[in-house]
Amino acid sequence: MALTGILLAAGRGKRFDPSGVQNKLLQTLGDAGDVVVAASAKNMLAALPRVLAVVRPGDDKVAALLGALGCEVRVCADADLGMGESLTTAIEHTKGAEGWVIALGDMPYVLPETIRALAATVERGARIAAPVYEGRRGNPVAFGSFHLPLLLALSGDQGARAILKSHAVSELVVDDAGVVRDIDMPGDLRGDLP
C-alpha cells in the first residue's frame, strides 16, 4: 500500500501580495535557495512514490516547475472558488488510491520523514492522520480511502477541516516545526523560526 501525495498549489496568495503581482509560490526561500512550491514538492517527492499537484488556470510557471520536478500536474478550472474545488479535482483524478497525504504548496518546511510517518500511520489502519507540533495540529494531513466519499463531496472554500472536526484523527506528535509554518507574508520567506 502506498499513499498518493496531493500538493495544493492553486491559491492566489492574497495575504502575501494583495495586488496579485507576486506569486508567493515562486518566491525564493531565504535559507534554501529554492522557491516555495519547489521546496514543498521536493519534500513530498522524497517521501511518496506519486505526487499530484493542483494549480490554477494560467499559472504556467508553477505548473511547468512542478512537472519538471516529477509531479503530475492538474489544472483546477474552478480554483478561485476555493480549496475544496482543488482538493476534489485531485481526489477525483486519483480516486483509485489507497489514501492521500494532502499538503499545501506554501508549506516548504515540512520534513519528508514527517510525510512518510503520516502515510505509514494510515497504512497501518488509521483513517486520518495529522501531525502535532508543540500541541498545535498542523499539515499535511493523511486520509485513508475510507473517506473518499467525503473528500469528493467538498466544494467551494470548504477544505477538509470539517472532516477533521467530525471524525477520529490519529495525531502524530512530531519534532517538525514545518507542520505549522506556512508562507503567508514576505517575512515568512526567511529561514528563521517565528
Side-chain angles (χ1 to χ4, degrees), residues 1-11 37 40-55 66 69-74 76 78-79 81-182:
M1 176 177 177
L3 272 63
T4 295
I6 293 176
L7 186 65
L8 299 177
V37 76
S40 300
K42 286 177 181 178
N43 291 336
M44 292 285 286
L45 290 162
L48 300 168
R50 179 184 185 198
V51 177
L52 174 75
V54 181
V55 300
L66 292 172
L69 289 172
C71 295
E72 295 174 47
V73 179
R74 298 293 289 184
C76 176
D78 295 322
L81 296 178
M83 188 183 298
E85 299 296 329
S86 297
L87 193 46
T88 55
T89 293
I91 298 294
E92 181 67 38
H93 187 69
T94 61
K95 63 184 173 187
E98 297 287 338
W100 306 269
V101 178
I102 300 168
L104 305 176
D106 68 351
M107 293 188 72
Y109 298 111
V110 178
L111 299 173
E113 49 266 31
T114 297
I115 297 165
R116 280 192 290 271
L118 290 165
T121 301
V122 169
E123 289 166 359
R124 287 191 301 268
R127 292 179 175 172
I128 303 174
V132 175
Y133 175 76
E134 294 186 351
R136 293 173 57 197
R137 190 183 280 176
N139 284 295
V141 176
F143 289 87
S145 60
F146 175 85
H147 288 297
L148 174 65
L150 291 176
L151 291 166
L152 285 174
L154 297 174
S155 64
D157 202 28
Q158 176 194 7
R161 188 171 292 149
I163 299 171
L164 295 172
K165 287 182 179 180
S166 59
H167 292 81
V169 176
S170 294
E171 292 188 335
L172 181 66
V173 176
V174 297
D175 186 22
D176 179 0
V179 303
V180 294
R181 290 183 67 198
D182 60 357

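Residue numbers start at 1 and run along the sequence shown.
- Applying the side-chain hydrogen bond (donor to acceptor under 3.5 Å, both in side chains) rule to Glu113 yields no partners; only residues at least two apart in sequence or on another chain are considered.
- Applying the ring-ring contact (aromatic ring centres under 6.0 Å, His included) rule to His93 yields no partners; only residues at least two apart in sequence or on another chain are considered.
- Nearest heavy atoms, Glu92 versus Leu152: OE1-CD2, 3.6 Å.
- Scored by the side chain to side chain contact (heavy atoms under 4.5 Å, CB included) test, Ala142 finds Leu3, Val101, Leu118, Val122, Ala129 as partners (sequence neighbours excluded).
- Leu69 contributes atom CG, which lies 10.0 Å from atom CG of Leu7 (distance to the nearest 0.5 angstrom).
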Using the rule given for side-chain contact (heavy atoms from CB on, under 4.5 Å), can you reason through Glu85 versus Val54, listing the C-alpha separation, both sets of side-chain angles and the distance that settles it, and then say yes or no?
CA-CA 10 Å; Glu85 299 296 329; Val54 181; over 6 Å; no
Atom pairs and distances, side-chain donor-acceptor, residues 42-49, under 3.5 Å, sequence neighbours left out:
unit_1 : atom_1 : unit_2 : atom_2 : d
Lys42  : NZ     : Asp34  : OD1    : 3.1
Lys42  : NZ     : Asp34  : OD2    : 3.1
Asn43  : ND2    : Ala39  : O      : 3.3
Asn43  : ND2    : Pro108 : O      : 3.0
Asn43  : ND2    : Val110 : O      : 2.8

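- Atoms CG and CD1, on Asn139 and Ile115 in that order, are 11.0 Å from each other to the nearest 0.5 Å.
- Minimum interatomic distance between Ala97 and Ser145 (heavy atoms only, all atoms of both residues): O-CB, 3.7 Å.
- For Arg74, there are no salt bridge (Lys or Arg N to Asp or Glu O under 4.0 Å) partners at least two apart in sequence or on another chain.
- With sequence neighbours left out, Arg50 forms a side-chain hydrogen bond (donor to acceptor under 3.5 Å, both in side chains) with Glu72.
- Partners of Leu164 under the side chain to side chain contact (heavy atoms under 4.5 Å, CB included) rule, at least two apart in sequence or in another chain, are Ile128, Arg137, Val141, Phe143, Val169.
- Scanning both residues, Lys95 and Trp100, for their nearest heavy atoms gives CA-CZ2, 4.1 Å.
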Residue pair His167, His147: steps toward the side-chain contact (heavy atoms from CB on, under 4.5 Å) verdict
CA-CA 10 Å; His167 292 81; His147 288 297; 3.5 Å; yes
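- With sequence neighbours excluded, no residue forms a side-chain hydrogen bond (donor to acceptor under 3.5 Å, both in side chains) with Asp182.
- Residues Asp176 and Leu111 share a closest heavy-atom pair of OD2-N, 2.9 Å.
- Applying the salt bridge (Lys or Arg N to Asp or Glu O under 4.0 Å) rule to Asp106 yields the partners Lys24; only residues at least two apart in sequence or on another chain are considered.
- Contacts of Thr4 classified as side-chain hydrogen bond (donor to acceptor under 3.5 Å, both in side chains), with partners at least two apart in sequence or in another chain: none.
- Summarising the geometry, atom OG1 belonging to Thr94 is positioned 6.0 Å from atom CG belonging to Leu52; distances are rounded to the nearest 0.5 Å.
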